Amino acid sequence: MEKDGTMSTYYVTTPIYYVNDEPHLGHMYTTIAADVLARHMRMDGLDVFFLTGVDEHGQKVQQAAEQRGIAPIELADQVVARYQKLWPQLSISHDDFIRTSSERHKQAVQAMWQRLMDADAIYKGMYEDWYCVPCETYWTETQLKDAGCREDSLCPDCRRPVEKVQEESYFFRLSRYQDALLEHIRNNPDFIAPASRRNEVLRFVESGLNDLSVSRTTFSWGVPVPGDDAHVIYVWIDALTNYLTAPGFPDERYRHYWPADVHLIGKDILRFHAVYWPCMLMAAGIPLPKRVYAHGWWTVEGEKMSKSRGNALRPDELLAKYDADVLRYFLLREVPFGQDGDFSFEALKQRYNTELANDVGNLLNRSLAMLKKYRGSELKGIADEQAMDRALIAEVEGMQREVDAAMQAQAFHVALERINAVVRHGNRYIEENAPWVLAREGNDARLDTVLYHLLETLRLVALQLYPFMPSRAVSMLAQIMNGPVDGEALRMAEHGGWGVLQPGHICAAPSPVFPRME
Ligand code: ME8
């Protein structure tokens, strides 16, 4: 809550995904991570704006559409339909879905362009490119170098000679903002994360920035340059401005959510987000996002995922095998966010069976089963609280603080490890207290106290798991609360304290939430 009584905002974004490819594991990953943050922050009572969407313009999309004999917008519509079907299947709770072909976006991009013109940050010059006549394709110097074709000036696609062409282009004065950007990165240690990426960007900026070509005359599928229709605004000004369009730019209302709290991206597009974007914003007099977090890349069963290898993991294939919660958990638990990792079906099964079926599932089943067997599922209250009970409470409260801190730092794996530690503590607590012995000996005061602490621990564990596994967590809570639970309405301020369950409350009988995976 802010001092004036308004709710604090939290604005989280994913990249906008190109529509010349179908969704795959990589797209799922960033979007799931953003969703977990959004859900966590909503539970914390923040006014959250979670944005995802698609990047529709550019030469590649125009060419992909031509190859299929359809208009670019038709291709875009098809891929948009795939994303819009996919996100609910993965329990993605975005507040807005931006399309760069929309009218609102065109307005925003042209307004952004105008601001850059007004600041004299854009000028007209000549741009050198390579052109393959047979393929009718333009290649940049970098693309030729990356494909090992620069030496002989060959086309990366058909290996025939390419020719150098010059084209008129607008340029953004990136070099002018080099010092200001360096100062910003140095003064704001949290601006780029993780730290290794921050160092990478610092080194790149220190090595000197060149002005950036920001328009093309060689294709038409894009936003026209205001007042110069022969030029289309080149991809990055167009794409990056989406983060302003969605909250309302150029209307002043965009300031309600802007600056973004975090742009989540893959490491492949770090330079655009941590160098070009902040310089554009500085030039336009718009505040910079608070943070850019570049996560690592997934390989699949040890191999680089690529279209040509045909091994890109597709959502349909994954969702046919596992439900959304299992995928969400695995992706954020398996690899520390920021590092590269490998997706393997064996590792997924292993983690699920150990941490979810064995640890969380057992704690829930045993606790509810004992409560049913010894107390007809009724919680009686705390008649004999001892040091080990207080230690359990302290552990649960420590988890809440540390999960919060981890989420502020996008350290998803740390949050999950911390939750798992409480679950293991809960299982040990059962062994140490041996409720079956307490029942046999007729030690009702102690038995009731132990059962109460178990159920309250489970309830608070389920709350912390909710952002990661919304439907499983709701199933856990529904058994504990013995009634339907609306996940979206969960709030830490209301539900997050120890002692919400009241004596006399009757829980449901256990029914497995994490059945073993064979
Ligand atoms: O780059 N592992 O779109 P895009 C993890 N339109 N994440 C991966 C991945 C992998 N193997 N492969 C892709 C674009 N990603 C631009 C962005 S933003 C203003 C414009 C994820 O469809 C990762 O988040 O190529 C990466 O940044 C994104 O997909 C690239 O998606």
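Each ligand, and each atom within it, is numbered from 1 in the order the structure gives. All figures in this text were calculated on a predicted structure; none of them were measured in a lab.
Using a 4.0 angstrom heavy-atom cutoff, Lys267 does not count as in contact with ligand 1. By the 4.0 Å heavy-atom criterion, His295 is counted among the residues contacting ligand 1.
Remark: ligand 1 and Met305 share no N or O pair separated by less than 3.5 Å (distance only, no angle test).
Using the six-membered ring where Trp is involved, His263 and Trp258 have ring planes that are tilted, between 30° and 60° apart.
From the protein, the heavy atom lying nearest to atom 2 (N) of ligand 1 is Trp298 N, 2.9 Å. Atom 29 (O) of ligand 1 has its closest protein heavy atom at His27 CD2, 3.4 Å. Looking only at protein heavy atoms, the nearest one to atom 19 (C) of ligand 1 is Tyr243 OH, 3.5 Å. When hydrogens are left out, the protein atom nearest atom 28 (C) of ligand 1 is Tyr17 CE2, 4.0 Å; that is the closest non-hydrogen contact. Looking at atom 21 (C) of ligand 1, its nearest protein heavy atom turns out to be Gly26 O, 3.5 Å. Looking from atom 10 (C) of ligand 1 to the surrounding protein, the closest heavy atom is Trp297 CD2, 3.5 Å. The nearest protein atom to atom 22 (O) of ligand 1, hydrogens excluded, is given as Tyr18 N, 2.9 Å; this is a heavy-atom distance. Given atom 20 (C) of ligand 1, the protein heavy atom at minimum distance is Ile16 O, 3.5 Å.
Remark: the backbone N or O of Trp221 is paired with a side-chain donor or acceptor of Gln62 at under 3.5 angstrom. When atom types are taken as modelled, the side chain of Arg216 and the backbone of Ile233 share no donor-acceptor pair closer than 3.5 angstrom.
For the atom pair CG (Leu332) and NE2 (His295), the distance works out to 10.0 Å, reported to the nearest 0.5 Å. How far CZ of Phe330 is from OH of Tyr352: 14.0 Å, rounded to the nearest 0.5 Å. Rounded to the nearest 0.5 angstrom, Phe50 CZ and His94 NE2 are separated by 7.5 Å.
Between Val232 and Thr217 there is no side-chain heavy-atom pair separated by less than 4.5 Å. Within the 4.5 Å cutoff, the side chain of Met469 has no heavy atoms near those of the Val474 side chain.
By the 6.0 Å contact criterion, NZ on Lys60 is open, its count of non-hydrogen atoms from other residues, nucleotides or ligands being 12 or less.
Near Ala239, with a cut-off below 4.0 Å to any heavy atom, the atoms of ligand 1 are 19 (C). For ligand 1, the atoms closer than 4.0 angstrom to any heavy atom of Pro15 are 18 (S), 24 (O), 27 (O). Which parts of ligand 1 touch Thr30 is read off a 4.0 Å heavy-atom cut-off, strictly below it: atoms 21 (C), 23 (C), 24 (O). Atoms of ligand 1 lying under 4.0 Å from any heavy atom of Asp55, numbered from 1 in the order shown and given with element: 6 (N), 16 (C), 20 (C). In summary, the atoms of ligand 1 found under 4.0 Å from a heavy atom of Gly296, numbered by their order in the structure, are 5 (C). Numbered from 1 in the order shown, with element, the atoms of ligand 1 that lie under 4.0 Å from a heavy atom of His24 read 12 (N), 13 (C). Near Trp236, meaning under 4.0 Å from one of its heavy atoms, ligand 1 places the atoms 20 (C).
The cationic group of Arg271 lies under 6.0 Å from the six-membered ring centre of Phe204 and within 45° of the ring axis, placing it in a cation-pi geometry. A cation-pi arrangement is absent between Lys124 and Phe171 under the rule of less than 6.0 angstrom and at most 45 degrees off the ring axis.
Among Thr31, Ile269, Thr241, the residue whose heavy atom lies nearest to atom 1 (O) of ligand 1 is Ile269. The closest heavy-atom contact to atom 27 (O) of ligand 1, among the options Asp268, Ile265, Thr13, comes from Asp268.
In this structure, Asp47 does not pair ionically with Arg42, as no charged nitrogen and carboxylate oxygen lie closer than 4.0 Å.
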